[in-house]
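Here the structure comes first, spelled out in structure tokens, and everything after it is commentary.
Throughout, protein chains are lettered first and strands after them, A, B, ... in sequence-line order, and every chain is numbered starting at 1.
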Amino acid sequence: MNRRMILNTVGKMVLAEGLFLLLPASVALIYNEPSGLIGLLIAMAVALGLGGLMMTASKPKTDVIYAKEGFFIVSASWILLSLIGALPFVLSGEIPNYIDALFETVSGFTTTGASILTNVESMSHGLLFWRSFTHWIGGMGVLVFAMAILPNVSERSIHIMRAEMPGPVIGKLVPRIKDTAKILYLIYIVLTFVQIVFLLAGGMPLFDSVLHAFGTAGTGGFGVKADSITSYSPYLQWVITVFMLIFGINFNLYYLILIRRAKTAFKSRELWAYGIIVAAAILGVAVSIRSQYPTLEETVRLSAFQVSSIITTTGYATADFNLWPSFAKGILILLMFVGGCAGSTAGGFKVSRVVILFKQIRREVQHMLHPRSVKSLRFEGHSLEEQTIRGVLSYLSIYLVCFGAIFLVLSAESGFDFETTFTASFTCFNNVGPGLGGVGPASNFAAFSPLSKLVLSGGMLLGRLEIFPLIIFFSPSAWRK
Amino acid sequence: MKIIVVGCGKIGTALIESLVAEDHDVVAIDKSPSILEEVTNIYDVMGACGNGTDWDLLVEVEANTADLFIAVTDSDEMNMLSCFLAKKLGAKHTVARIRNPEHNDGSLDFLRRQLELSLVINPERLVARELYHMLRLPAAARVETFSGRGLELVELKLKPDSKLDGMRLMDLRKKYPYNFLICMVQREEEVFIPDGHFKLKSGDKISITATPGERLKLLKSLEILQKQSRDIMIVGASNTAYYLTKMLINGGSAVKVIDKDKARCKNFSESLPEAVVIHGDGAKQELLLEEGLSNMDAFVALTGMVEQNILLSYFAASHQVPKVISKINRDEFSHMAEQLGLDSMVSPRKTVANILVRYARALENSMDSSVETLYKLVDGKVEALEFTVHGDAAVCNIPLRDLKLKSNILIGGITRGRKSIIPSGNDAILPEDKVLILAAGHRINNLADILE
């Protein structure tokens, strides 16, 4: 195992976080918030110092890495970045408890958007900015970002990209991994910028617009108001609805459109499945909640917003869906599971996996009817490798096992009903944000015990990194030489 | 440059490796997903799974934007077809591997023109030519030839008790007043581009340029001259063996070929009746001795198995065969073979990679010079390049001693018309010359790159 390369790369990431902290620090400076500024600056110093130390202490002899190193680099980076990213909240005194701050930061980086804050509006601008900025960095991936900007990218960085990017199959857009990372981030930045412009056009203040664009782009869900998006105008709600859906689509498709192969992009089966699921869910929810709202426009708007927010695992809310009928709630729970498209910033199980799963079920049924039948599964114009199908099935099993474990720990805690513990674990694990019952869109996660918060933070990381990298990182056999 | 490589076999991966090192954008196509996964894991390239003759796939990888399209699957016909398709789609240059001897006669030119191929490569024939040059000058471990005839880069190994041990190059020149130039010295893992103060040591491998006549005198006075190999034994009746035998027989040598496959022996004998073809297992030492191994001038191991080639060569070397060459198609084995004392090796992978790297570099080239030949030597640490100088290049008409060269760069020779010049400080490069450059640690794209 190339330990030096692992340490060096993780060190680089920590260093990069130090540079990222420059942005919220300057925001704190602009708004003249001394306590926030000091917290951010100390955290920055820690990140720069530690990162620099790690880099100088481990000059790699060779940059050859294998899949294992990729998993290690990604897991270690994400854990360390979260640990350091929590410091500003504690040091500024705005979230005095470190575990709470950690929960908030992990929730930020993993683009979950679940919060322990009881009063968001009392936070300072600098820290609010940092909180939302973690969404933006975490959405497309920290290491992918580093690949795009750093010189001397290892030839084998594909292992890192595979470990960090969600989805059953990770491919490159162009021959070079560095160029691939650049293209992805370029699309990401441009889309974020366009959204900011649309929000500004609707009269949202600049600060709110930037933060909401960060929250939407990373499909995170941190906002600046206690009632999330509810108090903004219908136009702004529609803008956010549309952009949430946009960021839930595979970024490869945007690249295809960029190189004028829109036809291929629109043929994507995953895109169609995603569209059909979204449309059906909006219809279902709208029918179910129609009687609660006076106008049809409001019904459709609320339904569309909530459905988009949940399926892309963003977690913004314009209505307290805790008060909706069971059918609507049931649909939303299922959407949490489905999640967005592979290769997007969304979490969840991923639409492409769901499609493959259904195809596999149909094949199994056919196989029972005709035991000698041979049938290969086709997806996106290619026949699927058996290995990919097996990957999806084993991901489903480990997904269920992990979810079960998180749920079990949470239910051990007294004082919460089944709905709360179940949806709390489910929403964190799928990087959504709000759940039902005690963790509905109008409430938060502050009431949980420190242990539960840690377990939920772990669950969020597992969900974001798609479980395997972390499992490998923590399994003793992987550490053996 | 965007380069598409179809077929990720031994040659294909060697190509990908050197093209990626040259900083090209490479797309690899292969029909086996597991091979592709391995390739994309190791090299920074994009993989596309499928058949290189599939129009849809070629459209998907945007073959129309490719600057260079290389087809090296094991089927000649597939290579031709996919190159043809790529060309029609708009690829700028296409290269196909065509190795079947049936295509490699008069019909090759016709095929090339009709399919608009920019280059046809036949690894077996290229390797055979390399082997032929090595057998022509058995004293050398390697011989690199260039398009300017008469100029060759010859690698000699200094024996443990060499008279040159401890000698400085400036003294060497006084003692042996012939017209030659030591261009490069390898000492274990290190490579030097030496100057006059450099001291030689036993065990060094030195590469020299000289005109053939002067070289003969030098080798004679160093007492390492060997006569050209006349009786040659080849194990493995492969295509390479066929081309090599043909060249050797035309050159007047006697060739004995051993193969264990009866049908192959029969075919070989039919196409080359002058060769002695033996049907038997070349791995059997008894058979080799019976066929007179100890009296041979040279032994060439060309079976498909690297391990067997190494062991057979070792056996031949221990029976005092003066020149032993083995075909070693895997880089990791060539180091081991060297430790066993085998210094003459050919590697089809490297041969082909050299040619295509040169080709790709020539495509990128500026106007004042063009790369004619390129060899990557000593694991790519040193490059030997031959340029043709056009019109008004900056290096023209200036005495060499006044040219400010970068460090670790040397002008090894100049070919002017039919004349070869081993340059001294008074010579100058003229337009239309062919210039041989050795460079360590630099990437030289055109002749202007050698200047500070």
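More than 12 heavy atoms of other residues, nucleotides or ligands sit less than 6.0 Å from atom CD of Q366(A). The number of heavy atoms from other shown groups lying within 6.0 Å of CZ (R269(A)) does not exceed 12. Applying the 6.0 Å contact sphere to CD of E452(B) captures more than 12 heavy atoms from other residues, nucleotides or ligands. Counting non-hydrogen atoms of other residues, nucleotides and ligands closer than 6.0 Å to CZ of F333(B) gives a total above 12. The environment of NZ in K267(A) is sparse: at most 12 heavy-atom neighbours from other residues, nucleotides or ligands sit within 6.0 Å. Around the NZ atom of K31(B), the shell of radius 6.0 Å holds no more than 12 heavy atoms that belong to other residues, nucleotides or ligands. More than 12 heavy atoms of other residues, nucleotides or ligands lie within 6.0 Å of CD in E332(B), so this atom counts as buried by the packing criterion. Annotation for E22(B): atom CD counts as buried by contact number, over 12 foreign heavy atoms lying within 6.0 Å.
With hydrogens and angles disregarded, a donor-acceptor distance shorter than 3.5 Å links the side chain of R176(A) to the backbone of D23(B).
For E62(B), the part sitting under 4.5 Å from any heavy atom of chain A is the side chain, from C-beta outward, and nothing else. Looking at I177(A), the atoms closer than 4.5 Å to chain B (heavy atoms on both sides) sit in the backbone and in the side chain alike. Using a 4.5 Å cut-off between heavy atoms, L173(A) contacts chain B through its backbone alone, with no side-chain atom that close. There is no contact between V64(A) and chain B, counting heavy-atom distances below 4.5 Å.
With P175(A) as the fixed residue, the side chain to side chain contact (heavy atoms under 4.5 Å, CB included) test singles out one of V20(B), I3(B), V27(B), V45(B): V27(B).
Using a cutoff of 4.0 Å between basic side-chain nitrogens and carboxylate oxygens, D44(B) and R156(A) are not scored as salt-bridged.
Put simply, the side chain of N41(B) reaches to within 4.5 Å of the side chain of I158(A), judged on heavy atoms.
Once rounded to the nearest 0.5 Å, the distance linking CD of E385(A) with SG of C49(B) reads 6.5 Å.
Residue M46(B) comes nearest to K172(A) through the heavy atom pair SD-O, 3.3 Å, listed as atom of the first residue, atom of the second, then distance.
Per-residue heavy-atom pair counts under 4.5 Å with chain B were compared for T180(A), D179(A), V174(A), I65(A), and the maximum is reached by V174(A).
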